[in-house]
Amino acid sequence: MAKEPMRKIELCARQDRRKMILERLQELGCVEIRPEPEGAELYEMMDVSGARNAFQKKVNRAEQALEILEQYAPEQRSLFQTLAGKPVLAGSFYSGPAERRSEYSKTAEKLIRLEEELREQQTLIRNAKLRIDELQPWEKLDVAMTCPGTRRCSFFAGMFPARYTQEELLAFVTEKKPELRFYELQILYTSANGTWTAVVCIREAEEELKGIFRSHGFSGSPQLLTLPPAEEEQRLWQQIGNAEERILLLEEQIREMEEEREHLRLLSDYYRVRAEKYEALGFLSQTREVFALEGYVPAGRAEDLRKELTERFGATVELEDIPEGEQAPVLLRNNRFARTGEGVLASFGLPKAGETDPTAVMTGFYVFLFGLMLADAAYGAIIAAACGAALLKFPRMEENLRKSLGLFFWCGLSTLFWGILFGGYFGDAPDIIAGTFFGVSIPEGQSVIPALWFVPLGDPMRLLMYSLLFGCIHLFTGLGIKGYLCIRNRDYTAFVCDVIFWFLLILGLLFLLIPSSMFASMFGIRVSVSPAFSLISGGMAAGGALGILLTAGRRKGKAWGIRLALGAYDLYNVTGWLSDILSYSRLLALGLATGVIASVVNQMGSMFGNSVFGVLLFLAVFAVGHTFNLAINLLGAYVHTCRLQYVEFFGKFYEGGGKAFVPFALNTKYVDMKGEHQK
């Protein structure tokens, strides 16, 4: 339950050491460089946009080459390989990949050229097929479109925009020029869209015929072919065949380069690291002789870093404590258990200045409430075993994924615990199996594996009572943390007015509710208390309400009328407390849902009794049904447990809004670097 203390670092060194210092800082990954250092306007700031964009372009080219390989030679990666994390590369990024970057870049460019040529061949095929489709109506024509005719005869071809017969076309001529002779018209193709024709006539009649035909929508052929259409089509098919052969050859050449995949990944990561290095260069204050940077470093590494930079590079390094109230970047430091909940906290927001890190407390409640919502020992054992095996098998798993699986491991153990308490093992599967397939007679209200506590399906109101009790503990813990923060910040007035008064009011109301007839009718439990207890409870509630009424508006002005109005408004928030407490009834709802669905699945599977078919049916329904039940209720437990933390718990003391610590580091996509120079 802690944030790593931060210290401000100011570094100044000679310009000729700049490259070495930045590369070392990037390898160490423990300094967040401030993009706008104090006094930056007094120094020259280097424009690095051109160099950074150039490196980013090289990253994009490497990624493009990798995408090409993935398209034509997809890498077979199982889920287990994904869990294994990034491979480790020994040495330094600025020595290993850097020495062969030119060779790797040529490989990337070759892949891109091959893919570009392949696309050109595919475009050629598409265009050729379009041309073939356009030539279909002209297939019967046995001369070229550009045929000039003879000295005495002319030839032309074209299309009418409607369906006509040869007699109708000839009638067009005889109606306007009945004396016109010495021409021949052939219909090549007809469809609902038009009529394709070819005409041979004496040269003197060509223009008259065209004029008559144009009046009926005739247009000349746009196909200026030097070959007859059938021969042109044959040529195009040959072109398509050649292109397809070329495509197969190009695809094979791309697949042959599959072994270059790792080299391209190294190239991508190398230029990605270079791009980030040049981005950091833009944050430096510089003169001709020296440069300076400012940033943040975890306090635990500050002195070692200063010693190394001073002794190894002759730099001047100053370390300062963070001034009170300054929003320094946040780096969480928790034990192994609490660390698994950091992702849940980060999804809401990191603690800002003055706030404590609630991860440890939140993770404890998260695991506790998650298990109560799922509450089946078999499901819990499956979740814990699967997550535990993955964590042991893949020690280099990506950090955020490791945290998530670690959280679900603990949630699985919690589910196992609650399942044993409630007697849930795939619902009531032991009872169904024993009664259906082994003929065991089980008395009503008993079970093959009895619950260590009670069975929620048999006593739901009891579970509701405990759900609300756990909710009260959760909410009061949140209010208690608020009180701790008030005391830590020496704001004792807020501790009394905003914490103690609310504790008195809520506890007083709860103590008044417990012996009431409403409580007895809801939970079937009648609690008798002494008149003194009731009097004290009423006094607590009245004292807390009066305190809130008088002090809640203390920061809003000196006028008592305004302060009382604001106090009354804040006192109305007691309904919010009631709503928050009732929200924990979802613990009952989800816990019962898991058990009810599991019981229905078991009943459906056992419908055909103790027979071969019945056993097979039971196994099939059992596997499918419980897989579905586990999946849907696992999602429900995750979502609703998060909601109880974010809305009910954090609403009592936590705001968030802190900025994560993002060090200048080797942020790679494909490989991790590890060498003797790294700590």
Side-chain angles (χ1 to χ4, degrees), residues 113-252:
R113 285 196 304 272
L114 289 174
E115 202 260 350
E116 288 174 350
E117 184 180 352
L118 192 147
R119 296 298 182 196
E120 290 174 1
Q121 296 298 322
Q122 291 174 337
T123 301
L124 187 151
I125 290 174
R126 285 195 297 271
N127 293 338
K129 288 183 176 179
L130 288 173
R131 291 276 291 160
I132 289 172
D133 291 340
E134 293 171 355
L135 290 174
Q136 290 296 318
W138 307 103
E139 279 187 334
K140 293 182 180 179
L141 188 63
D142 55 4
V143 296
M145 294 287 191
T146 56
C147 177
T150 65
R151 188 170 62 85
R152 294 282 298 161
C153 296
S154 292
F155 165 79
F156 63 91
M159 172 193 169
F160 290 91
R163 186 192 294 271
Y164 294 113
T165 64
Q166 189 166 8
E167 291 73 17
E168 289 173 328
L169 294 176
L170 293 175
F172 293 158
V173 180
T174 56
E175 288 174 2
K176 287 197 174 183
K177 289 284 184 176
E179 70 279 6
L180 199 59
R181 298 286 187 274
F182 307 111
Y183 67 89
E184 182 178 346
L185 184 146
Q186 180 184 358
I187 294 179
L188 302 173
Y189 181 78
T190 60
S191 72
N193 297 323
T195 303
W196 284 259
T197 61
V199 179
V200 177
C201 65
I202 60 174
R203 194 167 292 279
E204 291 78 4
E206 179 180 359
E207 292 304 320
E208 286 188 281
L209 281 172
K210 286 183 177 180
I212 294 170
F213 290 156
R214 287 194 192 101
S215 66
H216 292 279
F218 177 83
S219 59
S221 170
Q223 306 284 351
L224 302 177
L225 303 178
T226 58
L227 294 173
E231 293 184 21
E232 177 67 13
E233 184 176 339
Q234 184 178 3
R235 186 188 69 81
L236 290 172
W237 280 117
Q238 181 63 40
Q239 190 179 69
I240 290 173
N242 293 338
E244 288 176 342
E245 291 180 4
R246 181 60 181 166
I247 286 174
L248 292 175
L249 180 61
L250 291 170
E251 289 178 346
E252 183 60 30

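We're numbering straight along the sequence, starting at 1.
Residues Leu135 and Leu236 are in side-chain contact: their nearest non-hydrogen atoms beyond the backbone lie under 4.5 Å apart. Annotation: side chain of Ile132 is in contact with side chain of Ile240 (closest heavy-atom distance under 4.5 Å). Looking at Phe155 and Thr150, their side chains never come closer than 4.5 Å, going by heavy atoms from C-beta outward. Proximity of Glu233 to Glu134: side-chain heavy atoms (C-beta onward) are nowhere separated by under 4.5 Å. Inter-residue side-chain proximity for His216 and Phe160 is flagged as met; some heavy-atom pair is nearer than 4.5 Å. Within the 4.5 Å cutoff, no side-chain heavy atoms of Glu244 are placed close to those of Arg246. Looking at heavy atoms from C-beta onward, Phe218 lies in side-chain contact with Thr197 at the 4.5 angstrom threshold.
Taking every heavy atom of both residues into account, Phe213 and Leu185 meet most closely at CZ-CD1, 3.5 Å. Summarising the geometry of Cys153 relative to Arg203, their closest heavy-atom pair is O-NH2, 2.9 Å, with the distance given to 0.1 Å. Looking at every heavy atom in both residues, Pro228 comes nearest to Leu141 through CB-O, 4.2 Å. Taking every heavy atom of both residues into account, Asp133 and Pro137 meet most closely at O-CD, 3.9 Å. Closest approach of Trp138 and Gly158 over heavy atoms only: CH2-O, 3.5 Å. The minimum heavy-atom distance linking Thr195 with Arg163 is given by the pair OG1-CA, 3.3 Å.
Rounding to the nearest 0.5 Å places CG of Asn193 at 6.5 Å from CE of Met159. In this structure, CG on Leu248 lies 9.0 Å from CG on Leu118, to the nearest 0.5 angstrom. One finds the CH2 atom of Trp196 at 12.0 Å from the CD1 atom of Ile187 (value rounded to the nearest 0.5 Å). Taken to the nearest 0.5 Å, the CD atom of Glu204 stands 5.0 Å off from the CZ atom of Arg152. For the atom pair Glu252 CD and Ile247 CD1, the distance stands at 14.5 Å (nearest 0.5 Å). Taken from CG in Asp142 to CG in Leu188, the straight-line distance is 9.0 Å, to the nearest 0.5 Å.
Among residues two or more places apart in sequence or in another chain, the salt bridge (Lys or Arg N to Asp or Glu O under 4.0 Å) test is passed with Arg131 by Glu232. Residues that satisfy the side-chain contact (heavy atoms from CB on, under 4.5 Å) test with Gln238, not counting sequence neighbours, are Asn242.
Other residues, nucleotides and ligands place more than 12 heavy atoms under 6.0 Å from the CZ atom of Phe172. By the 6.0 Å contact criterion, CD on Gln234 is open, its count of non-hydrogen atoms from other residues, nucleotides or ligands being 12 or less.
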Let me see the working for Lys176 and Glu208 under salt bridge (Lys or Arg N to Asp or Glu O under 4.0 Å), right down to the final yes or no.
CA-CA 10 Å; Lys176 287 197 174 183; Glu208 286 188 281; over 6 Å; no

Kindly indicate, with the supporting measurements, whether the criterion salt bridge (Lys or Arg N to Asp or Glu O under 4.0 Å) is fulfilled by Glu115 and Arg119.
CA-CA 6 Å; Glu115 202 260 350; Arg119 296 298 182 196; 2.6 Å; yes

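Using modelled atom types, no side-chain atom of Glu206 and backbone atom of Cys201 make a donor-acceptor pair closer than 3.5 Å. Glu168 places a side-chain N or O within 3.5 Å of a backbone atom of Thr165 that can act as its donor or acceptor partner.
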